[in-house]
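Take a look at the structure set out below.
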Amino acid sequence: MKIQTLFFGITSDLVETNDLEITISENSSINDFKVFLKKKYPKLENINSYAIAVNETYAEGNLILKEGDVVAIIPPVSGG
Amino acid sequence: MKIQTLFFGITSDLVETNDLEITISENSSINDFKVFLKKKYPKLENINSYAIAVNETYAEGNLILKEGDVVAIIPPVSGG
Amino acid sequence: MKRTSIKITSKKLDLQECYNFVEDDSCGGISAFIGTVRNDTQGKEVLQLDFSTYKPMAIKEMQKIADLALEKFPIHKIAIHHAEGMLQIGEIPVIITASSKHRKATFEACEFAIDTLKETVPIWKKEYFSDGEVWVNAHP
Amino acid sequence: MKRTSIKITSKKLDLQECYNFVEDDSCGGISAFIGTVRNDTQGKEVLQLDFSTYKPMAIKEMQKIADLALEKFPIHKIAIHHAEGMLQIGEIPVIITASSKHRKATFEACEFAIDTLKETVPIWKKEYFSDGEVWVNAHP
């Protein structure tokens with residue numbers, strides 16, 4: 001299935017894009033997605049941690065993704 | 001000796017003046033002054049408490065007054 | 001450099017003026033507290049408030065609060081402005097602003113300043129109701 | 001009646017606008033927190049800051065903070081406005097205002113809102129130095 005993936009802050013520099021369509025197998029969890037992402041973009045190892053939002057809401061690692069979800073890669077925020 | 005006495009807030013209503021020259025004996029303390037004041041203006045009993053400032057600074061009851069001091073009667077404040 | 005701005009005035013207080021005084025390139029945050037005249041007290045409708053002051057002493061006490069805030073908290077500057085005379089509902093009796101490199105101190109300084117002002121500064125307000133007037137806090 | 005005002009904009013933030021939104025005749029106090037761009041970070045001179053956002057999600061998270069503040073504290077209204085794009089030293093990335101009948105809640109609500117915003121809202125800043133740029137917090 002196809003997952004639209006958005007990169008923000010330092011992660012957009014590391015992967016050199018803001019927006020990407022990623023194809024992963026059905027019933028993948030967010031944790032599966034993160035493993036896949038690190039394999040595809042080893043540079044993401046350069047940051048200590050990042051959060052994931054699915055459809056504009058923070059999501060836990062065990063959430064199962066579905067076709068059409070928008071996944072955002074959220075490095076540590078620094079607003080204010 | 002003569003003590004210029006200023007009344008503020010509710011106390012100026014109770015004594016019906018803002019400013020008064022009071023003559024008391026030499027070496028009077030603030031506590032003496034307060035006793036004198038209550039005798040002269042029994043209506044001051046109508047408020048629970050008031051502070052005294054001497055020359056624009058809060059003063060304790062045992063402070064000895066001197067000629068020319070300006071004493072202010074400070075009922076509970078309510079600024080802000 | 002003056003690090004405190006103290007004022008008692010019968011003109012309208014100006015939030016931007018208090019902001020501009022404390023603003024500085026070295027600061028990352030500014031907090032402000034603005035007192036406003038409320039339309040009721042204990043369920044009773046208030047029409048207006050009259051603020052009277054023992055002005056020279058009030059200025060001194062406000063200055064003490066500002067100086068103490070600079071000692072107690074790592075703030076850069078602080079402004080404390082108070083109005084006198086008759087104020088209508090929604091008008092502003094007091095503005096306090098404080099600036100600092102980091103935000104925590106600005107909250108602490110503003111809260112300390114307004115709490116202390118309400119305890120020590122010789123300013124009195126009289127509430128006007130449709131059926132009379134009352135000195136606030138006179139009979140606590 | 002709308003009790004929250006949430007905004008992300010590339011225009012200058014307006015303190016008076018945030019004040020006016022929360023001001024109400026039933027309120028006796030308003031607190032404000034204004035973030036400002038500081039000219040140094042850990043002793044190094046900062047030239048400017050660039051704020052980028054995941055805007056639709058950032059708006060939602062700011063709304064959550066405002067709604068939670070209304071639940072947690074007895075405040076009447078709250079405004080949370082954030083800037084995006086390039087800001088110069090002294091300019092304002094964020095303004096938060098809260099109003100209440102009594103002042104304590106306004107301080108608590110502003111402090112809660114800015115603390116939470118800095119933890120949860122998907123906004124990122126890049127610091128520009130004379131010798132390069134750094135994403136803030138990227139390597140905590």
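Throughout, protein chains are lettered first and strands after them, A, B, ... in sequence-line order, and every chain is numbered starting at 1.
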- [ ] Count the heavy atoms belonging to other residues, nucleotides or ligands that lie under 6.0 Å from CD of A/Glu60, then report whether that count exceeds 12.
- [x] no

- [ ] With a 4.5 Å cut-off on heavy-atom pairs, point out which of D/Ser52, D/Pro122, D/Gly35 contacts chain A the most.
- [x] D/Pro122

- [ ] Would you mind checking which part of A/Tyr58 comes under 4.5 Å of any heavy atom in chain D, side chain (CB onward), backbone (N, CA, C, O), both or neither?
- [x] both

- [ ] Check whether more than 12 heavy atoms from other residues, nucleotides or ligands sit under 6.0 Å from atom NZ of A/Lys43, and answer yes or no.
- [x] no

TODO: Output yes when a side-chain donor or acceptor of D/Tyr54 lies under 3.5 Å from a complementary backbone atom of A/Ile73, and no otherwise.
DONE: no

Task: Which portion of D/Val136 sits near chain A, non-hydrogen atoms under 4.5 angstrom - done: both

- [ ] Please say whether more than 12 non-hydrogen atoms of neighbouring residues, nucleotides or ligands are located less than 6.0 Å from CD in D/Glu45.
- [x] no

Task: Which portion of D/Glu84 sits near chain A, non-hydrogen atoms under 4.5 angstrom - done: neither

Task: Under 4.5 Å from a heavy atom of chain A, the part of D/Lys60 involved - done: side chain

Task: Any donor-acceptor pair under 3.5 Å from D/His82 side chain to A/Gly80 backbone - done: yes

Open item on the list: Give me the atom names and distance for the closest heavy-atom approach of A/Val77 to D/Asn137.
Closed with: O-ND2, 2.9 Å

Task: Test item: A/Ser78 side-chain N/O and D/Trp124 main-chain N/O as donor-acceptor pair under 3.5 Å - done: no

Task: Which atom of D/Lys64 lies closest to which atom of A/Thr57, heavy atoms considered - done: NZ-CG2, 4.2 Å

Open item on the list: Does any part of the side chain of D/Met57, heavy atoms only, come nearer than 4.5 Å to the side chain of A/Ile74, both counted from C-beta?
Closed with: yes

TODO: Heavy-atom pairs under 4.5 Å with chain A are the metric here; pick the option from D/Lys118, D/Glu61, D/Glu119, D/Lys126 that has the most.
DONE: D/Lys118

Task: Part of residues 10-42 of chain A lying next to chain D, heavy-atom separation under 4.5 Å - done: A/Ile10, A/Asp13

TODO: Against chain A, label D/Thr36 side chain, backbone, both or neither, depending on which of its atoms sit under 4.5 Å from a heavy atom there.
DONE: neither

